[in-house]
Amino acid sequence: MSARAKILMIDPTHFDVSYRINPWMKPDLWARDPEGFRAAARTASDALHRALSRAGCDVIVGAGRPGLPDMVFPANAAIVLDGRALLARFRYPQRQGEEAAFLAMFEALRAQGLLAEVAQFPDGCHQEGAGDAIWDANRQWFWAAHGPRSSRESLAHISGFFGQEVVPMELVSDRCYHLDVCFCPLSGGEILYFPPALTQDALRNLRERVPADMLIEATEEDLARFSVNAVNVGRQVVMATPPDRLRSVLNERGYRVVPIELSPFMMSGGGAYCMTLRLDRASVPEASVGNGRREAAMA
Ligand code: ARG
């Protein structure tokens, strides 16, 4: 009875790499052939859209805006659960203009009945959406980062707004500036993650909560190819073309990997997950859960 996943993507017409707010961004390279890269970005975005549709998702495409190239990463726009959207406050001035643009877009989604409520983090409380607050459908909590982009105070706000548990995952470096670059819960309960990205406290917390056989360590290469930044729907994992090793690790666990060529977006520090935002994530009411373990929710 699993409903179709609803995924927001943003049209890439206005995408470019013109500034550098994370160490993966390559404005100099982009400047050598903006038209060529923009055409390649269109092809890549279309390929992702097609793969998600084939994986059984409904994809909704929102318009970007000139001067806001990183709108193509709607994972940073908001956290959405149970039809309620909590909109981001961006750390860097280069992205702060997205707040008003996404507010208008989310209000329109609400008017269409795709969302029930739209709220914002308080002014000055930095938080960059589902890129830094990842819903774990099996465990029914948010893994939420603080560090380069989202503030520590944002975590209490997330749990207050959604009434859900928030497990802090502090990030140590600018390379993993969002949690989704280095951390990906899968539908079977596994977590694909890059250990050096997390503080000792975060690692301890993770290992106390998730059994060792459910933790899949990503390598430096997996990270650099943006393959950890994946969209998992059922047993399919849509990701920027991964190294063979990661592909076989996931195959052995019963997942089908759908590789997509996303290099134009990797020049901005993004992969498949951050080019999407799930609008249909739902919590399982506590009362409907038998023995205290809310397993096998949809993912
Ligand atoms: N250039 C964008 C930035 O630095 C990339 C965002 C990618 N999003 C993500 N959730 N990882 O903000």
Side-chain angles (χ1 to χ4, degrees), residues 7-10 12 14-31 34 37-38 41 44-45 48 62 64-65 67-80 86-99 101-102 126-135 142-151 154 158 169 171-185 192-194 197-198 218 222-232 238-240 260 262-278 281:
I7 292 188
L8 176 68
M9 286 184 68
I10 304 299
H14 302 294
F15 174 63
D16 67 24
V17 186
S18 49
Y19 51 75
R20 192 163 185 269
I21 55 172
N22 74 60
W24 307 95
M25 293 182 82
K26 298 188 173 66
D28 298 341
L29 178 58
W30 184 276
F37 287 126
R38 192 168 286 131
S45 174
L48 178 61
R65 296 232 185 136
L68 297 173
D70 280 341
M71 275 187 80
V72 295
F73 301 114
N76 299 128
I79 308 170
V80 183
L86 182 56
L87 268 61
R89 295 287 187 187
F90 288 90
R91 173 79 64 178
Y92 288 107
Q94 289 90 334
R95 295 198 68 178
Q96 283 165 357
E98 294 178 38
E99 291 175 16
F102 278 122
H126 294 132
Q127 203 288 331
E128 296 199 355
D132 262 348
I134 303 178
W135 179 247
F142 285 105
W143 301 101
H146 55 102
R149 298 294 181 89
S150 299
S151 62
S154 69
I158 298 169
M169 287 284 116
L171 298 168
V172 292
S173 78
D174 279 343
R175 291 180 72 223
C176 297
Y177 58 94
H178 284 139
L179 187 62
D180 64 6
V181 173
C182 58
F183 192 97
C184 181
L192 172 64
Y193 78 117
F194 181 65
L198 300 166
D222 302 335
L223 189 82
R225 297 228 209 153
F226 279 85
S227 303
V228 184
N229 192 266
V231 184
N232 173 215
V238 181
M239 58 170 64
I260 313 283
L262 289 178
S263 54
F265 296 99
M266 289 155 66
M267 288 168 67
S268 187
Y273 178 92
C274 47
M275 294 173 67
T276 65
L277 178 65
R278 281 282 294 258
R281 288 288 187 197

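Just follow the structure's listing: the first ligand is 1, and inside any ligand the first atom is 1.
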Checklist outcome for this item: Scanning both residues in full, the closest heavy-atom pair of F226 with M266 reads CD1-CG, 3.8 Å
Checklist outcome for this item: In terms of heavy-atom contacts, F183 and M169 come closest through CE1-SD, 4.1 Å
Next on the checklist: Using a 4.0 Å cut-off on heavy atoms, what residues surround ligand 1? Order them by chain and number.
Outcome noted: I21, N22, M25, D70, F73, N76, R95, G131, R149, Y177, H178, D180, V181, S268, G269, C274
Checklist entry - What pairs with Y273 under ring-ring contact (aromatic ring centres under 6.0 Å, His included), at least two apart in sequence or on another chain? => result none
Next on the checklist: Donor-acceptor pair, distance only, cut-off 3.5 Å: does the side chain of N229 make one with the backbone of A272?
Outcome noted: yes
Checklist outcome for this item: Here the pair of heavy atoms bringing L179 nearest to L171 is N-CD1, 3.7 Å
Checklist entry - Between S154 and H126, which heavy-atom pair has the shortest distance, and what is it? => result CB-O, 3.6 Å
